[in-house]
Amino acid sequence: MWTQPWKMREGFIIGGGLICAGLMLELTVGQVKWNAFSWPANLIVLAGFLLLVALLSFLRPKFYFCRYLTTYRAAVPTLVYVVGLTIVMGLTRQQVNGTWLNDMLSFWPFVLIYTYMALMLALVVVSRLSRLLTGKKRWDWRRDVPFFLNHCGLLIALVTATLGNADMQRLKMITVAGMPEWRATDDRGEVHELPIAIQLQRFILEEYPAEMEPSLAADTMMMMQRTPKRFASDIQILTKTGKNISCTVDVNHPVSIDGWKIYQYGYDTRMGAMSDISILELVSDPWLPFVYTGIWMMIAGAVSMFVFGVRRKSL
């Protein structure tokens, strides 16, 4: 073991070491405090990450460990850990400030493994690009275009989604008919003043008809009678940039304005259709366009692999 060339077992040991280190951090300092990485701290972290990639790429010819990080023998064990932790996240209920497995995005082993994978991705991209630029490898459009689209897309989506997590805001706003509101609360109950004000004009509630089809089961009829068919809000939005917009916010049909998405969340269920209160959810995720860019690059990479693959077979 640890004799060159390293095999996959060394990769599993490195990944296991990161998980153990993450558990130690979890026990000593607690969960990852994403609030500490909000703008501009996340930009500084991104710059540090890129500098680390540049340093390891520069040291690659001198140190075997740096070269090992760009091999499949290091990538496969890392992917096993990533997939395993992702499956755990999918099988457990995720909530803010939950236990270890219930708040995986703030779980140190999860964060360290994903950071390690992002570092490996960046080193692989830089290594491939440097060989092409120095002439050590001949450019092949059928292979290199899908490679860079897939790897760069995954890297962009992974890094921006992680760093953007600190800047994402998910707030609840209680609006009262005829009264403009510009304050909203987060999951911790903290009040935030927003750059937009919302005034509820009218709350809309549509219920199922009282007469049901006789073929419907009794429990289904009771559920439909308790659950509204539709509820929405006619609102007026005022912004600091001078916009004055009247629109309707419906369930699953949000309104987008100045980087915010406004969703219909709830209402005063005691008053029903007579409710003069509407609860809205406001979401801001300024890094989301970069995440989408990475996703679309991966889709383009998959399409190009299919196209070039078909051409190669036809030739």
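Computation of the quantities below employed the complete heavy-atom set of this structure, encompassing side-chain atoms and omitting hydrogens, waters and symmetry-equivalent molecules.
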[X] with [Y], same ILVMFWY side-chain cluster at under 4.5 Å:
X    : Y    : value
L121 : M8   : yes
M168 : L282 : no
I14  : F63  : no
F65  : V126 : yes
I198 : V251 : no

Which atoms form the tightest heavy-atom contact between [X] and [Y], and what is the distance?
X    : Y    : answer
L171 : A184 : CB-CB, 3.7 Å
A232 : R230 : CB-NH2, 3.8 Å
P180 : Q199 : CD-OE1, 3.4 Å
P146 : G301 : CB-O, 3.9 Å
W34  : T162 : CH2-CG2, 3.5 Å
G272 : L205 : C-CD2, 3.4 Å

Test your reading of the model: is there a side-chain donor-acceptor pair from [X] to the backbone of [Y], 3.5 Å cut-off?
X    : Y    : result
Y68  : K7   : yes
T160 : I156 : yes
Y292 : A157 : no
S275 : Y267 : no
S130 : S127 : yes
E10  : W2   : yes
R183 : V191 : no
T239 : K243 : yes
E26  : W108 : yes
Y81  : L18  : no

With no hydrogens and no angle check, just 3.5 Å: does a side-chain donor-acceptor pair link [X] and [Y]?
X    : Y    : result
Q236 : S246 : no
Y114 : T78  : no
N102 : T92  : no
T70  : R60  : yes

Taking the basic N atoms (NZ, or NE/NH1/NH2) and the acidic carboxylate oxygens, is any pair closer than 4.0 Å for [X] and [Y]?
X    : Y    : result
R170 : D186 : no
D144 : R128 : yes
K172 : E281 : yes

Once you round to the nearest 0.5 Å, how far does [atom1] of [X] lie from [atom2] of [Y]?
X    : Y    : atom1 : atom2 : value
T86  : I113 : OG1   : CD1   : 10.5 Å
F107 : I19  : CZ    : CD1   : 8.5 Å
L69  : S57  : CG    : OG    : 10.0 Å
D285 : N165 : CG    : CG    : 8.5 Å
S278 : M173 : OG    : CE    : 11.0 Å
I299 : M297 : CD1   : CE    : 12.0 Å

Less than 4.5 Å apart, side chain to side chain, heavy atoms only: is that true for [X] and [Y]?
X    : Y    : value
F110 : V88  : no
P286 : W39  : no
R73  : P5   : yes
F203 : D276 : no
V32  : L25  : no
I245 : I235 : no
D250 : I204 : no
L132 : F148 : yes

Would L163 and F37 satisfy side-chain contact (heavy atoms from CB on, under 4.5 Å), going step by step from the backbone distance to the final call?
-> CA-CA 7 Å; L163 294 177; F37 294 95; 5.7 Å; no
Verify side-chain contact (heavy atoms from CB on, under 4.5 Å) between K240 and I196, making sure each step is shown before the conclusion.
-> CA-CA 6 Å; K240 289 185 176 180; I196 61 176; over 6 Å; no
Crowding at [atom1], [X] (>12 non-hydrogen neighbours, <6.0 Å):
X    : atom1 : result
Y265 : OH    : no
I174 : CD1   : no
W139 : CH2   : yes
Y64  : OH    : yes
F290 : CZ    : no

Stepwise side-chain contact (heavy atoms from CB on, under 4.5 Å) test for V303 and F306 | CA-CA 5 Å; V303 172; F306 174 76; 5.7 Å; no
Before giving the answer on side-chain hydrogen bond (donor to acceptor under 3.5 Å, both in side chains), spell out for D234 and T248 the whole-Å C-alpha distance, their side-chain angles and the decisive distance to 0.1 Å.
-> CA-CA 4 Å; D234 288 337; T248 299; 2.5 Å; yes
Criterion side-chain hydrogen bond (donor to acceptor under 3.5 Å, both in side chains) on E181 and T175, from CA distance to verdict = CA-CA 6 Å; E181 182 60 75; T175 59; over 6 Å; no
Where do R188 and N35 land on the side-chain contact (heavy atoms from CB on, under 4.5 Å) test, with the steps shown first?
-> CA-CA 13 Å; R188 295 180 296 273; N35 291 338; 3.6 Å; yes
